[in-house]
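Below you'll find the structure, written out as structure tokens, and then a few comments.
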2 protein chains.
Amino acid sequence: MTKLLNERLKKGELLNVDCPSREVLKRLTGRWSLLVLIALRDETLRFSALRRRIGGVSERMLAQTLRYMEEDGFISRIAYDVVPPHVEYHLTPLGCEAEERIALLADWLENNFSRIMEKRQASAARPVVNKPL
Amino acid sequence: MTKLLNERLKKGELLNVDCPSREVLKRLTGRWSLLVLIALRDETLRFSALRRRIGGVSERMLAQTLRYMEEDGFISRIAYDVVPPHVEYHLTPLGCEAEERIALLADWLENNFSRIMEKRQASAARPVVNKPL
DNA sequence: CTGGATCCCAGATGATACTG
DNA sequence: CAGTATCATCTGGGATCCAG
């Protein structure tokens, strides 16, 4: 009963303008955050390795993304005090849980990519829906 | 065997710079696309109803998002030829499948929101990690 | 009512150079 | 190596006006 009620309430929260979850969602589904989660799936990586792994990300963006994700508790950062610097990143339990959900979406997307592209090309074929009397 | 191999291959695709799925993912996880999917979960809505449902979205963004999502085959648009105009939107089977994955992520997020916020505030408390000799 | 067209700004992102 | 700082750019997104 209470659970059902909660689900009803929760369902609408994200649709609410001032739902605080929106901001977190934004960080979670940001262009690079998604890829960081996937890249770190059961793996610990250093900054540069992570950067090589995630094609196209700049140093700046990766650093910023990692900072945000650490702030939110999705990843853990370990800096060894040596020279040259050695820093490792890995998913926290929270990050793992998030990654599972992200992975479901990502896997589905890659498996159904062709369906989407077919649809899109079909749409492109008939750019305007002119209704000639 | 082949399946395992495929999973290996697929796992890396999104991490590849020129993976075409990235663009679709971008549309799928865009600020408003997510909310449109959730709002249309087992429901058919008109433009203005949808707009009221999704707090904070502008006409422009909603229209644009809906166009993209129809292009990709996630939603279906039915325009009745009457005046004033009457247009309805609902999820396609493809859209439903996507929505399921999105919903999993969204529900998890709302359920674990407090965990994240605690972490974030803890991080804010110690802005810089100065290591005093 | 359902958008399209335009203008404009803030924030996201990239490129490059620099530092401990 | 692992970033930060700076500057330039590009894009998302809001506001507004207009039309079928």
Side-chain angles (χ1 to χ4, degrees), chain A residues 17-18 22-36 39-40 44-71 75-90 127-133, chain B residues 17-18 22-36 39-40 44-71 75-90 127-133:
Chain A
V17 208
D18 33 50
R22 278 199 187 181
E23 194 194 344
V24 182
L25 191 62
K26 193 173 177 180
R27 289 203 183 172
L28 208 51
T29 63
R31 182 173 176 188
W32 303 117
S33 322
L34 276 170
L35 301 180
V36 167
L40 286 182
T44 293
L45 292 177
R46 301 179 56 171
F47 185 86
S48 50
L50 200 45
R51 181 153 137 69
R52 275 189 300 272
R53 194 90 192 289
I54 302 175
V57 67
S58 65
E59 288 184 3
R60 194 172 104 75
M61 281 297 100
L62 182 56
Q64 187 179 104
T65 302
L66 289 173
R67 251 189 291 116
Y68 286 151
M69 294 182 71
E70 198 202 355
E71 262 185 38
I75 63 176
S76 182
R77 177 183 187 275
I78 303 178
Y80 298 93
D81 197 0
V82 296
V83 43
H86 182 122
V87 182
E88 291 180 353
Y89 296 92
H90 64 266
V128 187
V129 187
N130 278 329
K131 189 196 294 185
L133 50 119
Chain B
V17 208
D18 34 49
R22 278 200 186 179
E23 194 193 345
V24 181
L25 191 62
K26 194 174 177 180
R27 289 202 183 174
L28 209 52
T29 62
R31 181 173 176 189
W32 303 117
S33 321
L34 275 169
L35 301 180
V36 167
L40 286 182
T44 293
L45 292 177
R46 301 181 56 174
F47 185 86
S48 50
L50 201 44
R51 181 153 137 70
R52 276 190 300 273
R53 195 88 190 290
I54 302 175
V57 68
S58 67
E59 289 183 1
R60 188 170 109 74
M61 280 295 97
L62 183 55
Q64 187 179 104
T65 301
L66 289 173
R67 248 189 297 116
Y68 286 151
M69 294 181 71
E70 197 203 355
E71 262 184 39
I75 62 176
S76 182
R77 177 182 186 274
I78 303 178
Y80 297 93
D81 196 0
V82 295
V83 41
H86 181 121
V87 182
E88 290 180 354
Y89 295 92
H90 60 88
V128 187
V129 187
N130 277 329
K131 190 194 298 187
L133 51 118

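Within every chain, numbering begins at 1; the chains are lettered A, B, ... in the order of the sequence lines, protein sequences first and strands thereafter.
Between B:Tyr89 and B:Arg77 the shortest heavy-atom distance is OH-NE, 3.3 Å. The two residues A:Leu45 and A:Ala49 have their closest heavy-atom pair at CD2-CB, 4.2 Å. Nearest approach of B:His90 to B:Thr44, heavy atoms of both residues: CB-OG1, 3.3 Å.
Closest contact between the side chain of B:Arg60 and the listed nucleotides C:dG14, D:dG14, D:dA2 involves D:dG14. Distances were taken from every side-chain heavy atom of B:Phe47 (C-beta onward) to each of D:dA2, C:dG3, D:dG13; the shortest belongs to C:dG3. For B:Trp32, the listed nucleotide lying nearest its side chain is D:dG13; candidates were C:dG3, D:dG13, C:dG14. Relative to the side chain of A:Ser48, the nucleotides C:dG3, D:dA2, D:dT4 differ in distance, and D:dA2 lies closest. Of the candidate nucleotides D:dG14, D:dG3, C:dT2, C:dT2 has the atom nearest to the side chain of B:Pro85.
Between the CD1 atom of B:Ile78 and the C1' atom of C:dC1 there is a distance of 17 Å, rounded to whole Å. In this structure, A:Leu62 places its CG atom 18 Å from P of C:dT16, rounding to the nearest Å. One atom, CD of A:Gln64, and another, P of C:dG14, lie 10 Å apart when rounded to the nearest Å. Put simply, CE on A:Met61 is 12 Å from C1' on D:dT4, counting in whole angstrom units. Residue B:Ile75 contributes atom CD1, which lies 14 Å from atom P of C:dT2 at whole-angstrom precision. For A:Met69 and D:dG3, the CE to C1' distance is 18 Å, given to the nearest whole Å. A:Leu50 has its CG atom 13 Å from the C1' atom of D:dG3, to the nearest Å. Going from atom CD1 of A:Ile54 over to atom P of C:dG14 covers 12 Å, rounded to whole Å.
Summary of the strand contacts: A:Glu59 and A:Lys26 both lie near DNA chain D, and taking for each the nucleotide with the nearest heavy atom, the more 5' one is attributed to A:Glu59. Mapping B:Arg77 and A:Val57 onto DNA chain C via the closest heavy atom, the residue that lands nearer the 5' end is B:Arg77.
A:Tyr80 and A:His86 have perpendicular rings, their planes meeting at more than 60° on a 0 to 90° scale where under 30° would count as parallel.
Distances shown here put every side-chain N or O of A:Ser58 at or beyond 4.0 Å from the OP1 or OP2 atom of C:dA15. Distances shown here put a side-chain N or O of B:Arg67 below 4.0 Å from the OP1 or OP2 atom of C:dG4. At D:dC1, none of the side-chain N or O atoms of A:Arg46 fall inside 4.0 Å of OP1 or OP2 (strictly under the cut-off). The side chain of A:Tyr89 places an N or O atom within less than 4.0 Å of a non-bridging phosphate oxygen (OP1 or OP2) of D:dG3. In this structure, A:Arg31 reaches the C:dG14 phosphate: one of its side-chain N or O atoms is under 4.0 Å from OP1 or OP2. At C:dC1, none of the side-chain N or O atoms of B:Arg52 fall inside 4.0 Å of OP1 or OP2 (strictly under the cut-off).
If you check every strand for non-hydrogen atoms under 4.0 Å, B:Arg51 touches nothing.
A donor-acceptor pair under 3.5 Å links the side-chain atoms of A:Arg51 to the main chain of A:Val57, judged by distance alone.
For the side chain to side chain donor-acceptor pair (under 3.5 Å) test, residues two or more places apart in sequence or in another chain that qualify with A:Glu23 are B:Arg120.
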